[in-house]
Amino acid sequence: MSATKDAKPQDYYDRIKDKFAEERDLRLKYRPEGTAQYTSDLTGELARYEIDPYADDGAARAPIHDTVECLFIGGGFSALLTAARLRERGVASIRIVERGADVGGTWYWNRYPGAACDVPSYDYLPLLDEMKVMPSRLYAKGPEIFAHCQAIARRYDLYDLAVFRTTVTSTVWDEKEKLWRIGTDRGDMMKAKFVICANGTLSKPKLSKIKGMESFKGFSFHTSRWDYDFTGEDLSKLSDKVVGIIGTGASAVQAIPRLGKAAKELYVFQRTPSGIDFRNDRPTDPEWAASRRPGWQEARRMKAMRIREGDPETKAELAALSREDKIRRQENANIDMMMRIHRRIEEVVEDKATAESLKPWYMFMCKRPCFDDEYLPAFNRPNVHLVDTHGKGITEITPQGPVFEGRTYPLDVLIYATGFEVQKTGIYNQIRGRNGIEINETYKDGLRTLLGVHTHGYPNLFIMGGYQASFQFNLTFMLQTQGDHIAECIKHAREHGYDTIDVLPETEEWWVQQVIEHRGKTTRNQDCTPGYYNFEGEFNRRQDGNYNGGFQQYFEHMTAIRQQLDKHFEFS
Ligand code: NDP
């Protein structure tokens, strides 16, 4: 992060930091219960929030009792791009077990209006080179990305053995047979030599626990289960409806402009505003597309990674600074960024009080940055109303609608844009390794992995997108890196005729220490306002969370490990 040209006195930055701290404390005061303020146990009265509105009825089938070589839990990008690499290495027997009725993962579920990627499509959509396709625009829309997922599944023959509308409920290692036994909610008992947990970082919808939420008499759903039968494909059925949306994270930011245009009235219940930057979306330039040569996407991603990690000159300059100076310099640059976001709000939003309410008071990257050119202007519409709950959030819902400060907001429709449970291995299933120990039990004093992928005692099991891996805003690049690594591990085992691959405890311990050592090196720490990036303000386990040593370093560690697999893993 480079220093700003027109540097301001330090006390300017310190005052803003104090204001950030005040806002954070307010949020923590209102919701001291951390992650427990949410529920992802969507059963009983809440079960309807998880029903798949996109699958048709039926799909009855007999339980499956066969054996495959590689089994993926989940059918999103993690599975698709790893499976592609396995196919390239000659693996024939690959099964995807997926909860939805098709592949696609996040792009299967998230079909809310305005859904699109927030990373340039040329970086975000994986396997563009291999598939010989070019996205239609800089930020591809949800349906195009979903179609790309389906195309990958077809191209690599992943539909043949795939099992949809099926949730894995148990994954148990059979030491005698050297196989995993996978149980599902459909009565299956499949066997697989290798299991890849590809069930997504943010795949299980969660709801804020709000008093009386079950009593709401209107229609309600979660953004990841958008009910187009109710709203109409073009949202035209909302034209006579009063709609409310709880939450202003990345999903809401994309949906709100479209809802604002369609609904009779729209109430946006905000607890913490998102930081909204420019999007500047545009169609792909056909000349540019035609000039891409094989290998262009990989080269582009690698270049972007190097730029993000800093050029050698800046790195050398930073190395000369004390840790404190380094942090201060980064924080000041982050504050400059946030103040630029504030100025944009002042320029766009006409009503002064609304503009003030929309200003985020936290460090850049404390929360997920958002990009939309229609979000802020939506608040200039006479039918769009911001209900600023000043960090408190909605705490009560009556049969008519949400209540804030004694006022009830009667609604026809209430949309929960309250996010997802963050990756917790074993969300959907009980993973029992050697000695029958469930993986969460192994992690009870803190996560233990190598690279976020391998855990000792769980042979032939690979975890994708989990904690202790590096964070990448372009998630698919990170997943591709893991997918390449996993495919290489499996190839090594196959080529040498090994039955099992298990990380050595000392290598795992080395990685846990790496994660601990790099904790607190980013702004995503206890100074941040709560959100899912920092476990809603819970900081009790020092090795839980991402590896913060930088993606390039993660990548280099992974490459080095792969070159010496026999040193870091036990093969048998
Ligand atoms: P988030 O977890 O980011 O947002 C949840 C929202 O609900 C927050 O604004 C939260 O407020 C609010 N909230 C929770 N409880 C209450 C309450 N009681 N009253 C009022 N507000 C409440 O979920 P999203 O689905 O928006 O996004 C999750 C992630 O998914 C993103 O961060 C991103 O990684 C990914 N995503 C990516 C997209 C893309 O790439 N195009 C698009 C959409 C999502 P508070 O901030 O105060 O906690």
Side-chain angles (χ1 to χ4, degrees), residues 23-24 26-28 30-31 33-40 77 105-107 109-121 123-125 139-142 145 200-213 222-226 244-256 267-275 279 281 358 360-362 365-372 375 386-397 402-404 409 414-423 465 471-476 478 528-537:
E23 295 278 316
R24 176 209 55 208
L26 200 65
R27 277 280 284 101
L28 287 170
Y30 289 134
R31 281 290 188 169
E33 65 270 50
T35 50
Q37 69 182 280
Y38 288 103
T39 181
S40 57
F77 273 141
T106 203
W107 298 103
W109 294 109
N110 289 284
R111 304 189 194 191
Y112 59 80
C117 58
D118 274 352
V119 169
S121 316
D123 301 306
Y124 180 75
L125 268 68
Y139 296 103
K141 305 246 189 295
I145 307 176
T201 49
L202 297 160
S203 49
K204 186 153 174 51
K206 65 177 163 55
L207 297 173
S208 184
K209 289 179 193 160
I210 303 175
K211 192 173 106 194
M213 62 196 293
H222 187 273
T223 45
S224 67
R225 302 290 187 275
W226 197 272
I245 183 162
I246 295 184
T248 48
S251 300
V253 164
Q254 294 187 329
I256 283 167
Y267 288 89
V268 177
F269 299 97
Q270 172 186 279
R271 187 165 67 180
T272 312
S274 281
R279 191 161 184 86
D281 189 18
L358 287 166
W361 289 99
Y362 46 79
M365 285 312 284
C366 273
K367 276 184 169 299
R368 164 66 151 70
C370 294
F371 310 87
D372 201 294
Y375 182 72
L386 182 69
V387 182
D388 180 6
T389 67
H390 307 290
K392 201 168 189 180
I394 292 299
T395 52
E396 188 184 350
I397 296 177
V403 182
F404 182 64
Y409 293 82
L414 177 57
I415 301 165
Y416 288 93
T418 47
F420 302 86
E421 186 174 278
V422 184
Q423 165 79 38
F471 175 79
Q472 256 284 301
F473 197 65
N474 183 8
L475 190 67
T476 59
M478 203 281 286
C528 278
T529 195
Y532 78 84
Y533 273 14
N534 66 3
F535 306 96
E536 306 294 335

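In listed order, ligands and their atoms are each counted from 1.
- With a 4.0 Å heavy-atom cut-off, ligand 1 is reached by the side chain of Y112 but not by its N, CA, C or O.
- Of the protein's non-hydrogen atoms, the one nearest atom 32 (O) of ligand 1 is Y532 OH, 2.6 Å.
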Report the C-alpha separation of Y124 and Y139 in whole Å, then their side-chain angles, then the decisive distance to 0.1 Å, and conclude whether the side-chain contact (heavy atoms from CB on, under 4.5 Å) test is met.
CA-CA 9 Å; Y124 180 75; Y139 296 103; over 6 Å; no
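- Looking only at side-chain heavy atoms (C-beta outward), K206 and T39 stay at 4.5 Å or farther from each other.
- The closest protein non-hydrogen atom to atom 24 (P) of ligand 1 is S251 OG, 3.4 Å.
- Contacts between Q254 and ligand 1 below 4.0 angstrom, taking non-hydrogen atoms only, involve the side chain exclusively.
- Shown in contact with R27 at under 4.0 Å from a heavy atom are these atoms of ligand 1, numbered in order with element: 45 (P), 47 (O), 48 (O).
- In terms of the salt bridge (Lys or Arg N to Asp or Glu O under 4.0 Å) criterion, D388 has no residue partners (sequence neighbours excluded).
- For the side-chain contact (heavy atoms from CB on, under 4.5 Å) test, residues two or more places apart in sequence or in another chain that qualify with L475 are T201, M478, L479.
- Among protein heavy atoms, atom 40 (O) of ligand 1 sits closest to R368 NH2, 2.9 Å.
- By the 30° and 60° cut-offs, the orientation of the rings of F420 relative to H222 is perpendicular.
- Taking only non-hydrogen atoms, the option from A250, P402, G114, A417 nearest to atom 5 (C) of ligand 1 is A417.
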